[in-house]
Amino acid sequence: MRILTGLQPSGGLTLGNYIGAIKQMVKYQDEYESFIFVADLHAITVPQNPEELRRNIKSLIAIYLASGLDKDKNTIFIQSENIYHSNMSWLLECLTPYGELGRMTQFKDKSLKHQNFGAGLLTYPVLMASDILLYDADFVPTGVDQKQHVELARNIAERVNKKYGDIFKLPEPLIPKDGAKICDLQDPTKKMSKSSENPKGVIYLLDTEDVIRKKIMSAVTDSDNEIKYDPDTKPGISNLINIYTSLSGMKVEEVVFKFKDSNYGTFKRIVADLVVETLIPIQKRYQEIINSPELDKILDAGRDKTLEIARRKYLELKDRMGLGR
Ligand code: ATP
Ligand code: MG
């Protein structure tokens, strides 16, 4: 079985990305044939500074490796180094109704945040469908925020298969059960995002220990001072419970029971300890990897291998659609 995951180099990676994506990828590398890429073409759907973008791309790869992704168990590559992602995307865009894309939640959210956004923000999910379908991925490990996009990829695949014959495998999202969605510490009704405007609500994987502790200690909570899990009425404390649950491997009920007599201050300190304990070793390995020539070797190998696979899939659809000679 094959899985595929991409992360955007649209800013420093967050604890949400770690819990929702990277940690899962580390777990899956022993169970699946795993393709992992840096989604730099996705990142430019909103404005990016070129120097920063290039730094983020490299940093993202180093974080993948520092988090425990093994270069021999995963195929790791940069999306824009494989031309077939954009080529496939164009074919699929022409086969995807405009209205379907306008209904995507992420498009609705992000289009409100950016003025004069590019058309790519709307067609982004089609590029994502191409990423997935080019490799016949069985599963796409993802946070709940991307579930709708994987479903769209599946719909596109079904439609294409019906029209042009069996070309694509139908992918399914692979969503972790507990604590899949981590929220912003300052606005716990919002997802924690690396492109967020307020860095105080976001824990970046490369934040210093001091900064991590400060952000968690000043996380917005309610005034009951009772540790209870209820994302609707107590989003702040529930978010901290989710973080603790995901990093400790415990169940939500176990965490609530364990801390039922603690006050918010104590609980926050314990959550901060666990986050620090998780991130500091990753940061140490990151520093060793970021300037090593090994990075380029891994990326060259990933590019060459995926170009071969993607080319075949692209040519198959292109041919069945009647393009070219
Ligand atoms: P952006 O704000 O640029 O969209 P992002 O933080 O949402 O950045 P993505 O690159 O869009 O990150 O997503 C990368 C992966 O991380 C996806 O699998 C997504 O489901 C997961 N993810 C992102 N944010 C969270 C979160 N807050 N909680 C859990 N998983 C998340
Ligand atoms: Mg996102």
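Note that this is a predicted model, so its numbers are computed, not measured. Just so you know, ligand 1 is whichever comes first in the structure, and atom 1 is the first atom listed for that ligand.
With a 4.5 Å cut-off on side-chain heavy atoms, D138 and L174 do not count as touching. Using a 4.5 Å cut-off on side-chain heavy atoms (C-beta onward), I280 and K284 make contact. Using a 4.5 Å heavy-atom threshold, the side chains of L122 and Y98 count as touching. Within the 4.5 Å cutoff, side-chain heavy atoms of N263 are placed close to those of T266.
Note on K73 versus D30: salt bridge recorded, some NZ/NE/NH1/NH2 to OD/OE distance being below 4.0 Å.
Interface atoms of ligand 1 facing K110, defined by a heavy-atom separation under 4.0 Å, are 1 (P), 3 (O), 4 (O). Within the listing of ligand 1, atoms 4 (O), 10 (O), 11 (O) sit less than 4.0 angstrom from a heavy atom of Q8. For ligand 1, the atoms sitting less than 4.0 Å from at least one non-hydrogen atom of T142 are 18 (O), 20 (O), numbered in the order shown with element in parentheses. Ligand-side atoms of ligand 1 in range of A21: 15 (C), 16 (O), 18 (O), range being under 4.0 angstrom from any heavy atom. Heavy-atom contacts of S195 reach the following atoms of ligand 1: 1 (P), 2 (O), 3 (O) (cutoff under 4.0 Å). Numbered from 1 in the order shown, with element, the atoms of ligand 1 that lie under 4.0 Å from a heavy atom of K181 read 28 (N), 29 (C).
Remark: T45 engages L121, Y124 in a side-chain contact (heavy atoms from CB on, under 4.5 Å) (not counting sequence neighbours). With sequence neighbours left out, the side-chain contact (heavy atoms from CB on, under 4.5 Å) criterion links P231 to Y229, S238.
Heavy-atom separations between T14 and ligand 1 are all 4.0 Å or longer.
Inclusion of Q106 in the set of residues having an N or O under 3.5 Å from an N or O of ligand 1 is not warranted. Inclusion of C183 in the set of residues having an N or O under 3.5 Å from an N or O of ligand 1 is not warranted.
Tested against E316, the residues K318, R312, R320 include a single salt bridge (Lys or Arg N to Asp or Glu O under 4.0 Å) partner, R320.
Contacts of S193 with ligand 1, taken as heavy-atom pairs under 4.0 Å, involve both backbone and side chain.
Of the listed options V38, D109, D145, D145 places a heavy atom closest to atom 19 (C) of ligand 1.
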